[in-house]
Number of protein chains: 2
Amino acid sequence: MRVTELANAMDTTPDTVRYYTRIGLIVPIKSPNNGYKTYGKKTQQRLKFILSARQLDFSVEEIKGILSESDKGNTACPLVREIVEHRLAETEKQFQATLILRKRLKKAMDDWQSKPNKAPTGDMICHLIEGESEGDAHQRGNNG
Amino acid sequence: MRVTELANAMDTTPDTVRYYTRIGLIVPIKSPNNGYKTYGKKTQQRLKFILSARQLDFSVEEIKGILSESDKGNTACPLVREIVEHRLAETEKQFQATLILRKRLKKAMDDWQSKPNKAPTGDMICHLIEGESEGDAHQRGNNG
DNA sequence: CTTACACCTGTGCCTAAGGCATGGGTCAAG
DNA sequence: CTTGACCCATGCCTTAGGCACAGGTGTAAG
């Protein structure tokens, strides 16, 4: 199988396959006559795993860790459980953040409904936004 | 005001201020004796606008467009309304995606509760994930 | 055999919004 | 002058691929 063929079979893009190849997640055999990368059944299995993990929003780095463990013959399951737990917590945060953003956007649209458009003054760029930031603490970078 | 001072006053980081400076969103005066960047009141106002817009998840590129319009003396309000509308739609999508991911993660944790850890076989890397991808179509990159 | 042409391949550069490390400059106290 | 604390500008690094480019491959026609 060559890159596009594999990509189609796994319902992903050739660029994605190339990317995973480039960073060593999957290892093809170089065809000796034309230098094209050739992927076998085992690699397809591996790619399937990678894509499934990506579906759960595992980062590529995390997947690399899992595969590394598995390649040494060890169970990757505990690691997988840990990651999924962490990912769920992260998703919960993301969820809340999106909620807040949505509320904020809706409020903005609502508030602006009645306001006219104004040309910028020396003190204001767009009164829609600048009249808006009361009672809402900003957040410095407290990420995870 | 120098970079850190401005950053503290606006409750953001010096790196952020430097970034906006670097890409020309805000323009400081170079202090002639030490080469330090110095920011005035007008710039602080501008930065406030930028940060408020970022709170609404406007991209920096979008903000650049708004400021460019405003700098020419034109109303940026229609553009702002348009962006906020678009952003709201985008957020809605994001919201749904996060919901799906959360459901998927929760289901995974649930399903795995009863399953043991297994060493990888020749055909499987981690049975938790590989047994999981039934009845769930993958998605090729159909983004917006 | 050669030509034509569609499709395919590998490589390298690009992204968003800053974060971080480095090497040096500045300011006040002693 | 020297120490030390803090501050500054600059440049590289990050994700997960996307995209453009230049050239190779394969098949049909001549």
Side-chain angles (χ1 to χ4, degrees), chain A residues 1-39 47 50-65 67 83 87 90 94 97 101 138-144, chain B residues 1-39 47 50-65 67 83 87 90 94 97 101 138-144:
Chain A
M1 292 183 114
R2 290 182 304 187
V3 53
T4 302
E5 197 178 351
L6 175 59
N8 288 341
M10 304 306 290
D11 202 15
T12 186
T13 72
D15 276 322
T16 298
V17 173
R18 287 202 194 93
Y19 174 60
Y20 295 157
T21 304
R22 199 180 319 182
I23 64 174
L25 271 195
I26 53 181
V27 181
I29 305 146
K30 278 227 172 195
S31 194
N33 41 345
N34 56 13
Y36 286 5
K37 281 145 184 158
T38 305
Y39 302 87
L47 177 57
I50 296 170
L51 292 173
S52 295
R54 290 288 299 136
Q55 288 277 313
L56 294 175
D57 208 34
F58 286 26
S59 78
V60 167
E61 204 57 31
E62 287 167 336
I63 294 171
K64 192 184 280 187
L67 289 174
I83 291 171
R87 194 57 37 193
E90 210 65 22
Q94 178 69 34
L101 178 59
H138 296 218
Q139 205 111 355
R140 202 124 18 131
N142 60 341
N143 64 10
Chain B
M1 292 184 114
R2 290 180 305 185
V3 52
T4 302
E5 198 178 350
L6 176 60
N8 288 341
M10 304 305 290
D11 202 15
T12 185
T13 70
D15 276 321
T16 298
V17 173
R18 287 201 195 92
Y19 175 59
Y20 295 156
T21 304
R22 198 181 319 179
I23 63 175
L25 272 196
I26 52 181
V27 181
I29 304 145
K30 278 229 172 194
S31 193
N33 42 344
N34 56 12
Y36 286 6
K37 281 145 185 158
T38 305
Y39 301 88
L47 178 57
I50 297 169
L51 292 173
S52 295
R54 290 288 300 137
Q55 287 280 311
L56 294 175
D57 208 35
F58 286 26
S59 77
V60 168
E61 205 58 31
E62 287 166 336
I63 295 171
K64 192 184 283 186
L67 289 175
I83 291 172
R87 193 58 37 195
E90 210 64 24
Q94 178 69 33
L101 178 59
H138 296 216
Q139 205 112 357
R140 202 119 24 126
N142 60 342
N143 65 11

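In what follows, chains carry the letters A, B, and so on, assigned in the order in which the sequence lines appear, proteins first and then strands, with residues in each chain numbered from 1.
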message: With heavy-atom distances below 4.5 Å as the criterion, would you say the side chains of A:Ile50 and A:Val60 are in contact?
response: no
- prompt: Is there side-chain contact between B:Met1 and B:Leu6, with at least one heavy-atom pair below 4.5 Å?
  reply: yes
Pairs involving residues 51-62 of chain A, ordered by first then second residue, that meet salt bridge (Lys or Arg N to Asp or Glu O under 4.0 Å) (sequence neighbours left out): A:Glu62-A:Arg87
query: To the nearest Å, how far apart are B:Gln94 CD and C:dA16 C1'?
result: 15 Å
task: Could you pick out which residue, B:Arg2 or A:Tyr36, lies toward the 5' side of DNA chain D when each is mapped onto its nearest nucleotide?
output: B:Arg2
message: Return the OG1 to CE distance between B:Thr16 and B:Met10, rounded to the nearest 0.5 Å.
response: 12.0 Å
- prompt: Nearest-Å distance, CE (A:Met10) to P (D:dG17)?
  reply: 14 Å
query: Angle, rounded to 10°, between the helical axes spanning five pairs at each terminus of the helix from C:dC1-D:dG30 to C:dG30-D:dC1?
result: 30°
- request: Would you mind telling me which of D:dA9, D:dG18, C:dG19 lies closest to the side-chain atoms of B:Val3?
  value: D:dA9
- prompt: Of the candidate nucleotides D:dT10, D:dC7, C:dG18, which contains the atom at the shortest distance from the side chain of B:Arg54?
  reply: C:dG18
field: B:Ala97: side-chain contact (heavy atoms from CB on, under 4.5 Å) partners, not counting sequence neighbours
entry: none
- request: Take the protein atom CD of A:Glu62 and the nucleotide atom P of D:dT14, then report the distance between them rounded to whole Å.
  value: 17 Å
- prompt: Can you name the one residue among B:Leu51, B:Ile63, B:Thr12 that meets side-chain contact (heavy atoms from CB on, under 4.5 Å) with B:Tyr20?
  reply: B:Leu51
- prompt: Taking the side chain of B:Lys37 as heavy atoms from C-beta outward, which of C:dG10, D:dG17, D:dT10 is closest to it?
  reply: D:dT10
- request: Tell me, please, which residues at least two apart from B:Thr4 pass side-chain contact (heavy atoms from CB on, under 4.5 Å).
  value: B:Asn8, B:Pro14
- request: Report the distance from atom CG of B:Leu6 to atom P of D:dA9, rounded to the nearest whole Å.
  value: 12 Å
statement: When rounded to whole Å, the CD to P distance for the pair B:Glu5 and C:dC27 reads 13 Å
- line: Hits for side chain to side chain donor-acceptor pair (under 3.5 Å) against B:Tyr39, two or more places apart or cross-chain, chain-then-number order -> B:Thr21
field: Euclidean distance, atom CZ of residue B:Arg87 to atom C1' of C:dA16 [Å, nearest integer]
entry: 12 Å
- prompt: Would you say D:dC6 has OP1 or OP2 under 4.0 Å from some side-chain N or O of B:Thr4?
  reply: no
query: Listed by chain and number, what are the side chain to side chain donor-acceptor pair (under 3.5 Å) partners of B:Arg18, not counting sequence neighbours?
result: B:Asp15
field: Stretch residues 15-25 of chain A: residues that reach within less than 4.0 Å of DNA chain C through a heavy atom
entry: A:Arg18, A:Arg22
message: Output the rounded distance in Å from CD1 (B:Ile29) to C1' (D:dC8).
response: 17 Å
- prompt: Rounded to whole angstrom units, what separation is found between the OH atom of B:Tyr39 and the P atom of D:dC7?
  reply: 15 Å
